[in-house]
Amino acid sequence: MSRYLDMIDSPSHLKKLTIEQRIVLANEIRQELITKLSKTGGHLGPNLGVVELTIALHSVFNTPTDKFIWDVSHQSYVHKLLTGRKNLFHTIRTTGGLSGFASRAESEHDCYGAGHAGTAVSAALGIAAARDRLGTNENVVCIVGDAALTNGISYEALNNIVTTTKRFILVLNDNEFSIAKNVGAIANHLHKLITNPRYNKFQKDFINFLRKFSKGDLAVKLSHKAEVLIKGAVASVALDKQEKKIDEESEGGKGGYGSSLIFEELGLRYIGPIDGHDLPLLISTFEFAKACEEPIVVHVLTQKGHGYDIALKQPEKFHGTGPYDIQTGNSTEVKTTNIPSYQDVFGETMVKLCRRDSTIVGITAAMPSGTGLKALEKAMPDRFFDVGIAEEHAALFAAGMATMGFHPVCAIYSTFLQRAFDCILHDIALQNLPVIFCMDRAGLSANDGPTHHGLFDIAYLRCIPNLIGMAPSNEDQFVDMLFTATLQKLPVCIRYPRGSAEGVPIKENPAVLEIGKSRIVKGFNNKGNYRITFVSLGNMLKIATQSAIQLESEGNDCSIIDALFFKPIDEGTIEYYARNSDVLVTLEDHVLAGGFGSAVLEFLSEKQIAVPVVRIGWPDKFIEHATTVEDLRQKYGLTSSHTVQLVKETLEQKVYKKATKELAII
C-alpha cells in the first residue's frame, strides 16, 4: 500500500490532503525518521517532536514565498521531507548527501542556514524588516526551541521586534514541558477563547471603551496586568514540568511555565501554551497567527522523541545519535577497541583534579554529556556549572570566579567558543585571569559539517596577548596539559578532537609541562640524501610519522617534532631544525590561514631563515559535511601520501633552482 508521504514532493501536495490524511502522514513521517536515521544517525528526538508542528506550518503557509527560519535547524528534517528532499533523505549527514541542518545551498525552501543556537530571532526580524521596506507581503515565521531563550542574542532580538515590524510570528517549540492529561482541556479552552474573533473584538472594544474615561490609559494597563496574571496562573496549572533533562541542546534551558508576561511586556501578542501534537489545533492557531496584525508568539508544547518510546526514555542519547537498532535503541556501530574518547578522559581527569584542588570548577554551556563534564556533575555537583546555551556568559562567569582565586575550566566546543571571542580578549586575557578553555571538537565534526567544524580557533586565539595555547597528540599528554593549565596565572586554551584518543596509557600522576616547549619525537640520524623536519601539532602526529617513514624508506633523513603549543611556539627548537633542514613541514588540523603553520612562517621570516616550508592543513574555505573525517581528509589532502608528494615536489623545485643558479654562474 502506498504512503501519503510518497505522494508529496512539495508543500502544495500536502495541502491536498484532508486533516485525517495528514494525521496518518504524521505517523508515516515518524516511521521514516526512525527507519532512515537508524542507518545514518542524526537528530532523531528533536525531529520526532516537531512532526505535527511542521505539517501544520506547511499546511498554513507557503514556502518558499513565506519564510521559515529554524533556530539551530537540527529539527528541520521533517521540513526537508515535505519540501522535495525525501528521496535523498537516506543520505542525510553522509558524504555528498543532505545536510543535517537547513542550508540555503540545498533548497529554496531553506531561506536561512543555521547550526548555532540563538540566531533565528534576529535573522527572522531582519528578513521581516527587509520585507516591510520592499513592500512585499510574505509571512516570516521563526521557530525556536525553549533552550534558545537561554541565549542572550535571542533577548536582544525580542527587545527590537515591536519597534521594527508589525507582522512577525515567533513559534516557541517548548519540549521541556508537557500538558498534563487531567487539565489539558483548560489550555485548549483558553486557546479557543483568545483566538475567537468575537473575543478579540470584545477585547478591542473594551479597551477603546476604557480610554474614553479619565485615566483611561492607566485603566487599560491595569486590566492588561490582570489579564496577564490570570492567563499565567491558569496556564501554570495546565503544565507539568518533566523531571528529566531533555538533551544537550536544551539542558539547563528554562522555558516559561505558560506565563505570557515576558512576551507581552515586550509588546508581543501571546498564544498558548498549546498541544504541539494536536494537528487540527496547530493549524487553526497558525491560521489565526497568520491573520494577526501585530507580532505574535505561539507557545507550543512538544515531546522530544514523541512516537518512539526508546527515544522518550533516552532523550540525551537520541538528541543526536549514531546508527542504532530500532527494536532496542542500542548503537550498531562496532567499537573495535577500548580506547577512551578525549571527552571521557577530560571528564575523568576533571573529577581527579577537583578532588586534589578545591579551586578548580567545571563550566559548560549546555553540553555536559558532549564535553564529558557529566562525570563531574555526578561526582561533585557543587563544582559543576551548566549556564545553558550562553557561551559569552560562560566565559564572563568564569572570569568573575577567577578574580576570586578559582581556576574555572570552561568546556566549550571550538566552534561555539567563537561566540565568546570578545569576552576572552577584553575580560580574560586583558586582565590576566587564569581561565582554562577546553575546546572539544577542535578539527572536524564530520557529520555536522561547516557549522560545527572547529577549524578556526588557533587563528582567532593566537593573536591575543597573555594567552597560552596547547594541543595534545595523545590522551596522556592531554592530562598533562590540563594539569599544567591549572597551575598557570594566565588564560590557557587546550584544543583536542572529537572521538577516540590514541590508546596511550595515562600515568598515575600528571607531569608539569614547560610552557612553549615542544617534544622531539625523532631527531636526524645523519644518514640520507635530504633532511626533512616535520613539526606536527596535536592529532596530526600520526600523519607526520607515516610520512617520515615513507621518505626515509626512499633514502632521506627525517626528524619529527611534536609541537604541543601553538602559542607560544618553541622558537629555539624550530630555529635549530629549520637551519639544518632541506624542507620543513608543518601539520595541523586547522585552516592554514592564520594557523600554526602561519605562526612558524612568521617566525622564520623574522629570523630570515630561507628553508622551504610545506604546510599541511585545511584550505581557505568552509568544509562540507561527510560520513567520516577520513573522507574529508582524503579529499583535501590531509594524508601521509599527499604530504610525501608535496615534500618531493618541493625538493625537486629546490634542486631545480640550485641547478639553474649554478648554470647562471657558469
Side-chain angles (χ1 to χ4, degrees), residues 3-15 17 22 25-115 120 123-124 141-145 171 173 249 276 302 304-308 311 318-321 323 447-452 624-627:
R3 305 177 301 171
Y4 292 119
L5 179 59
D6 297 327
M7 305 174 188
I8 295 175
D9 294 316
S10 74
S12 62
H13 298 159
L14 169 67
K15 292 178 172 65
L17 300 180
R22 292 179 212 184
L25 172 66
N27 293 327
E28 293 176 354
I29 288 175
R30 280 199 169 84
Q31 289 306 309
E32 184 78 356
L33 291 170
I34 293 168
T35 302
K36 290 294 194 296
L37 297 184
S38 71
K39 305 298 182 184
T40 64
H43 294 96
L44 178 64
N47 283 281
L48 289 174
V50 298
V51 174
E52 287 84 5
L53 172 60
T54 310
I55 292 174
L57 286 169
H58 279 293
S59 295
V60 174
F61 300 99
N62 299 294
T63 61
T65 302
D66 291 331
K67 311 300 182 185
F68 292 172
I69 301 91
W70 304 85
D71 199 73
V72 183
S73 78
H74 63 297
Q75 74 283 50
S76 63
Y77 292 14
V78 183
H79 167 72
K80 290 174 185 276
L81 287 169
L82 297 175
T83 52
R85 288 170 272 183
K86 70 175 186 293
N87 292 333
L88 291 173
F89 191 69
H90 67 282
T91 70
I92 198 162
R93 290 163 51 89
T94 64
T95 304
L98 295 178
S99 170
F101 301 92
S103 170
R104 285 169 55 84
E106 189 176 282
S107 172
E108 63 179 351
H109 294 276
D110 296 357
C111 73
Y112 195 81
V141 184
C142 178
I143 305 100
V144 305
V171 179
N173 172 34
E249 286 289 333
T302 62
K304 182 168 289 188
H306 189 77
Y308 184 41
F318 284 94
H319 167 73
T321 180
N447 302 131
D448 293 317
T451 59
H452 283 60
E624 68 273 23
H625 70 278
T627 305

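Atoms considered below: every heavy atom in the structure, side chains included; atoms not considered: hydrogens, waters and symmetry mates.
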Mind checking salt bridge (Lys or Arg N to Asp or Glu O under 4.0 Å) for Asp66 and listing every partner two or more places apart, or none if nothing turns up?
-> none
Could I get the full list of salt bridge (Lys or Arg N to Asp or Glu O under 4.0 Å) partners for Lys86, not counting sequence neighbours?
-> Asp9
Verify the ring-centre separation between Phe68 and His58: is it less than 6.0 angstrom?
-> yes
Check whether the ring centres of Phe101 and His452 lie less than 6.0 Å apart, and answer yes or no.
->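 Yes, ring centres under 6.0 Å apart.
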Side-chain contact, heavy-atom cut-off 4.5 Å: Leu25 with Leu14?
-> yes
Would you check if Val141 and Val171 make a side-chain contact, meaning some heavy-atom pair closer than 4.5 Å?
->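 With C-beta onward as the side chain, the pair touches.
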Any donor-acceptor pair under 3.5 Å linking the side chain of [X] with the backbone of [Y]?
X	Y	value
Glu106	Ser99	yes
Asn173	Val144	no
Ser73	Ala102	yes
Glu624	Gly449	no
Glu108	Arg104	no
Thr95	Thr627	yes
Tyr308	Ile34	no
Gln75	Pro46	no
Thr83	Ser10	no
Asn447	Ala626	yes

Any side-chain donor-acceptor pair under 3.5 Å between [X] and [Y]?
X	Y	value
Asp110	Ser103	no
Thr40	Thr94	no
Ser59	Arg22	yes

To the nearest 0.5 Å, how far apart are OH in Tyr4 and NE2 in His13?
-> 15.5 Å
Which distance, rounded to the nearest 0.5 Å, do you find between the NE2 of His74 and the CG of Leu44?
->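 That separation rounds to 11.5 Å.
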Candidate list Lys80, Arg85, Arg3, test salt bridge (Lys or Arg N to Asp or Glu O under 4.0 Å), partner Glu32, passing option | Arg3
Taking all heavy atoms of Gly100 and all of Arg93, pick out the closest pair and write down the distance.
-> CA-CG, 3.8 Å
Checking side-chain contact (heavy atoms from CB on, under 4.5 Å) against Ile143, which of Leu57, Thr54, Ile69 comes through?
-> Leu57
Partners passing side-chain hydrogen bond (donor to acceptor under 3.5 Å, both in side chains) against Lys39 (at least two apart in sequence or in another chain) = none
